[in-house]
Novice: 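Following this message is one structure expressed as structure tokens.
Letters go in sequence order (proteins before strands), and every chain restarts at 1.
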Protein chains: 2
Amino acid sequence: MSSKVKKRTLIHDIARHLDVSIATVSLVLNGKAKQSRISDALAQRVLAYVEEVGYKPNHLAKSLRTGKTHVIGLVVEDISNPFFATVAWLIEKQAFERGYRIIYCSTDNDTSKAKELISMFQDRHVDGYIIVPSEGLEEQISTILHENIPVVLFDRYLPELPTNYIVVDGAKGMYEATQHLLDQGFSNIAFVTTDSKQTQMEARLEGYVQALQEHNRPQRIKRVDTTHSENILAEIHSFIRENRDCDAIIFSTNYLSIYGLEVITQQKLRIPEDLAVVSYDDHDLFRLYTPAITVIAQPIENIAKNVIDILLNELKHQTDRQTTAHQTVVLPTSLIVRQSSVRSEVQLPESTK
Amino acid sequence: MSSKVKKRTLIHDIARHLDVSIATVSLVLNGKAKQSRISDALAQRVLAYVEEVGYKPNHLAKSLRTGKTHVIGLVVEDISNPFFATVAWLIEKQAFERGYRIIYCSTDNDTSKAKELISMFQDRHVDGYIIVPSEGLEEQISTILHENIPVVLFDRYLPELPTNYIVVDGAKGMYEATQHLLDQGFSNIAFVTTDSKQTQMEARLEGYVQALQEHNRPQRIKRVDTTHSENILAEIHSFIRENRDCDAIIFSTNYLSIYGLEVITQQKLRIPEDLAVVSYDDHDLFRLYTPAITVIAQPIENIAKNVIDILLNELKHQTDRQTTAHQTVVLPTSLIVRQSSVRSEVQLPESTK
DNA sequence: ATGAAAGCGCTAACAA
DNA sequence: TTGTTAGCGCTTTCAT
């Protein structure tokens with residue numbers, strides 16, 4: 001009963017078999033045959049044999065030697081959130097085509113977990129970072145920058161930190177959504193957001209506030225404590241109950257909307273007759289809900305494309321991360337009007353996407 | 001303008017600073033101080049200094065040397081599917097506590113992509129695999145087994161392959177769901193599934209068929225071609241249209257149900273009056289939908305726990321993967337009855353979870 | 001109780 | 001054109 005554990009082929013084995021030196025094999029494998037003036041014939045022989053035995057270089061050894069892992073660390077808030085999942089998927093696809101692998105992790109918006117994850121990526125010697133930063137990550141990210149490793153933030157940024165980032169204009173998006181509700185004749189518009197001070201949340205709030213101020217309408221703002229998820233439902237519940245005179249409500253994230261819809265169902269309120277609803281971020285649920293929910297959608301493909309382009313570009317051109325100007329991109333959102341925010345079905349345009 | 005790129009501290013630096021040998025530092029760091037009879041005092045000094053300068057060993061070098069990466073590769077069908085996302089999250093949490101890291105990827109049920117991903121994990125020298133296998137992966141997984149690396153499958157298995165696996169009893173679950181519909185007085189029950197021959201899909205179908213046969217009821221089965229997602233909606237659309245005499249419909253996966261609900265909404269059918277609905281897998285959408293959708297739920301925590309326990313156990317006890325018996329676990333599903341499948345609201349039990 | 005030194009598999013500068 | 005060789009940073013045996 002022999003346990004045949006297959007041993008991997010080494011570069012040494014293939015060199016010996018072909019009776020050439022290890023260096024020759026390595027050079028050919030790394031596309032440096034030409035510049036080392038290795039004959040095409042030999043290069044072909046090497047390639048053919050490598051293919052035949054299915055030789056795969058040991059990445060660990062290679063990385064140890066070159067200092068490059070060709071891995072990008074992606075830190076998002078919650079990979080099971082469709083927004084982040086889709087962006088991550090698009091980024092991964094792009095990166096893969098260009099020879100990079102992505103490893104991703106969720107922070108659940110927990111700073112200490114985020115620190116741990118970034119630290120783990122440092123351990124793994126990732127070549128670059130894509131981070132959706134929770135608050136208090138300035139120092140850690142600063143450290144990365146000091147090691148001259150490229151970083152791109154998205155969804156939000158850290159105002160103190162001169163880094164590349166891609167965000168959307170959430171203030172404008174929310175302004176438009178609020179304006180839309182006012183246009184529809186809703187006059188008491190409530191706003192449910194998180195207690196977070198992150199840039200993207202503050203921007204969304206600001207858009208709401210500005211639109212209301214311009215129309216001299218009262219603000220009804222609820223900042224939900226999201227650190228204790230077991231209480232979210234109850235908090236929204238009492239907020240909606242205490243504001244029965246509101247005729248419209250905006251949720252600043254997709255998951256708050258999902259909780260919100262649950263509460264609205266429980267309280268047997270009709271949408272939009274009793275309460276019009278608008279959510280930030282699109283979602284299967286919002287398209288399919290009856291009535292369909294109006295949303296402020298983010299340009300997901302565009303976000304992903306910008307993120308990966310900027311990162312790969314930095315990876316290619318080793319510049320000094322501390323003196324070079326960083327790139328910042330602000331993309332527009334788009335309002336998708338559905339039944340949940342219109343006064344009567346007649347007024348609903350066909351473009352519910 | 002000097003670009004101060006911080007250099008990492010090496011084990012060598014810390015040894016020199018403390019005026020001890022590299023080996024001493026390494027031994028202390030790996031908890032082998034005692035067995036090497038290194039004085040507690042020295043061990044403490046080392047630990048203290050390591051802490052002070054924040055020294056982190058280079059994992060690449062460590063792995064190259066030891067042959068262990070402490071990384072587990074997790075290959076699922078689609079990480080943005082809440083079922084897989086939750087299982088992955090639970091697995092990651094467990095693994096993290098026991099010193100292992102998870103890197104995950106989605107196959108989108110594409111065998112060639114799955115092969116690529118597994119191959120990438122091999123490149124990265126993961127210590128073990130957790131795989132939701134798409135069809136045709138036998139050979140590749142076989143190769144892993146030959147290298148004596150632990151593998152655990154879940155959600156489905158490959159009948160040809162003697163491996164560890166965790167699955168649920170989908171046949172029984174579907175049998176119960178069908179039985180429930182019959183009990184409620186629905187008599188023409190349609191079944192929408194994929195064209196996949198994977199074990200879990202076949203089992204679900206089997207449960208449906210068996211229940212109907214026992215009651216001499218006709219079967220109405222639609223196998224949707226899921227490889228072209230742009231056609232799924234249309235396929236379900238015509239199936240439902242052509243089977244207007246059906247009074248109930250079961251979807252064999254959560255994403256088919258989501259498409260199904262969209263179609264049902266479009267056709268302005270009322271649930272459950274015109275068509276009762278049952279889905280496999282629970283989902284936010286199903287809880288919140290009006291009416292709430294009855295589901296066959298999987299024991300997610302239990303699946304995750306079994307998967308990681310078996311894998312970590314194998315990782316601990318290096319056995320011969322080719323001769324040792326493998327472990328197989330079959331877990332029960334549970335039927336969560338909601339409004340979408342009951343004849344009148346009165347009959348709905350309070351336990352909608 | 002501690003140190004020297006041999007690798008893990010690979011790359012690339014330098015020699016020939 | 002091709003081969004030799006010195007590391008990349010770490011673990012661990014063996015000698016002291």
Side-chain angles (χ1 to χ4, degrees), chain A residues 5-47 49-50 53-71 122-125 127 147, chain B residues 5-47 49-50 53-71 122-125 127 147:
Chain A
V5 174
K6 214 179 73 185
K7 242 182 52 198
R8 268 172 197 260
T9 307
L10 304 180
I11 195 170
H12 176 246
D13 300 328
I14 104 115
R16 197 174 39 187
H17 176 94
L18 294 174
D19 201 33
V20 298
S21 88
I22 289 178
T24 305
V25 178
S26 175
L27 258 8
V28 170
L29 252 26
N30 290 294
K32 297 186 176 161
K34 269 284 177 307
Q35 76 185 61
S36 308
R37 285 171 302 183
I38 290 170
S39 70
D40 281 1
L42 214 200
Q44 283 312 316
R45 265 208 316 143
V46 171
L47 258 11
Y49 185 66
V50 161
V53 298
Y55 164 74
K56 301 280 207 78
N58 181 328
H59 273 251
L60 290 169
K62 193 168 183 161
S63 295
L64 179 59
R65 185 58 237 242
T66 62
K68 299 265 149 272
T69 54
H70 281 263
V71 172
Q122 287 179 292
D123 284 3
R124 301 278 161 212
H125 293 250
D127 288 352
E147 292 185 359
Chain B
V5 174
K6 214 180 73 187
K7 244 182 53 197
R8 269 172 197 263
T9 307
L10 304 180
I11 195 169
H12 176 245
D13 301 328
I14 105 114
R16 199 176 36 187
H17 177 94
L18 294 174
D19 202 33
V20 299
S21 89
I22 290 179
T24 305
V25 178
S26 175
L27 258 8
V28 170
L29 251 27
N30 290 293
K32 296 185 177 160
K34 269 283 176 307
Q35 76 186 58
S36 309
R37 287 171 300 182
I38 289 170
S39 70
D40 281 2
L42 213 201
Q44 283 312 316
R45 263 204 323 140
V46 171
L47 258 10
Y49 186 66
V50 161
V53 298
Y55 165 74
K56 302 282 207 77
N58 181 328
H59 273 254
L60 291 168
K62 192 166 184 162
S63 295
L64 179 58
R65 184 60 236 247
T66 61
K68 299 264 149 269
T69 55
H70 283 264
V71 171
Q122 287 179 292
D123 284 2
R124 302 275 161 215
H125 294 250
D127 288 352
E147 292 185 359

Novice: Once you round it to whole Å, what is the distance between P of D/dT1 and CZ of A/Arg45?
Specialist: 14 Å
Novice: About how many Å separate OG1 of A/Thr69 and NE2 of A/His125, when rounded to the nearest 0.5 Å?
Specialist: 8.5 Å
Novice: Between the main-chain N or O of B/Ile38 and the side-chain N or O of B/Ser36, is there a donor-acceptor pair closer than 3.5 Å?
Specialist: no
Novice: Tell me, which of residues 58-67 of chain B have any heavy atom that sits under 4.0 Å from an atom in DNA chain C?
Specialist: B/Leu64, B/Arg65
Novice: Are the side chain of B/Asn30 and the backbone N or O of B/Lys32 linked by a donor-acceptor pair below 3.5 Å?
Specialist: no
Novice: Using only atom types and a distance under 3.5 Å, with no angle test, would you say the side chain of A/Ser63 pairs donor to acceptor with the backbone of A/His59?
Specialist: yes
Novice: Quick check: do A/Asn58 and B/Leu64 have side-chain heavy atoms less than 4.5 Å from each other?
Specialist: yes
Novice: So which nucleotide from D/dG3, D/dC10, D/dT13 ends up closest to the side chain of B/Ile11?
Specialist: D/dC10
Novice: Going by salt bridge (Lys or Arg N to Asp or Glu O under 4.0 Å), name the residues that satisfy it together with A/Asp19, two or more places apart in sequence or in a different chain.
Specialist: none
Novice: Per the end-axis method with five pairs at each terminus, what is the bend angle of the helix from C/dA1-D/dT16 to C/dA16-D/dT1, to 10°?
Specialist: 50°
Novice: To the nearest Å, give me how far apart CD1 (A/Ile22) and C1' (D/dT4) are.
Specialist: 10 Å
Novice: Test B/Arg45 against B/Leu18 for side-chain contact (heavy atoms from CB on, under 4.5 Å), laying out the working first.
Specialist: CA-CA 8 Å; B/Arg45 263 204 323 140; B/Leu18 294 174; 4.1 Å; yes
Novice: Tell me which residues in residues 24-37 of chain B put a heavy atom below 4.0 Å from DNA chain C, sorted by number, or none.
Specialist: B/Thr24, B/Ser36, B/Arg37
Novice: Of all nucleotides in DNA chain C with an atom under 4.0 Å from a non-hydrogen atom of chain A, which is the first and which the last going 5' to 3'?
Specialist: C/dG9 to C/dA12
Novice: Please round to the nearest 0.5 Å and tell me the distance separating atom OG of B/Ser21 and atom CZ of B/Arg16.
Specialist: 14.0 Å
Novice: Check B/Leu42, B/Leu47, B/Ile11 against B/Val25 for a side-chain contact (heavy atoms from CB on, under 4.5 Å) and give me the one that passes.
Specialist: B/Ile11
Novice: With sequence neighbours left out, write down each residue that passes side-chain contact (heavy atoms from CB on, under 4.5 Å) with B/Thr9, or none if nothing qualifies.
Specialist: B/Asp13, B/Ile14, B/Val53, B/Tyr55
Novice: Working to the nearest 0.5 Å, report the span between CZ of B/Arg37 and CG of B/Leu27.
Specialist: 11.5 Å
Novice: What verdict does the side-chain contact (heavy atoms from CB on, under 4.5 Å) test give for A/Val28 and A/Val20, after you've listed the backbone C-alpha separation in whole Å, the side-chain angles of each residue and the deciding distance to 0.1 Å?
Specialist: CA-CA 11 Å; A/Val28 170; A/Val20 298; over 6 Å; no
Novice: Starting at CG of A/Leu42 and ending at C1' of D/dG3, how long is that distance when rounded to a whole Å?
Specialist: 12 Å
Novice: In whole angstrom, give the distance that lies between atom CD of A/Gln122 and atom C1' of D/dG9.
Specialist: 17 Å
Novice: To the nearest angstrom, how far is B/His12 atom NE2 from D/dC8 atom P?
Specialist: 10 Å
Novice: Can you check whether A/Ile22's main-chain N or O pairs, donor with acceptor, with A/Ser26's side chain at less than 3.5 Å?
Specialist: no
Novice: Please state how far atom CZ in A/Arg124 lies from atom P in D/dC10, giving the value in whole angstrom units.
Specialist: 14 Å
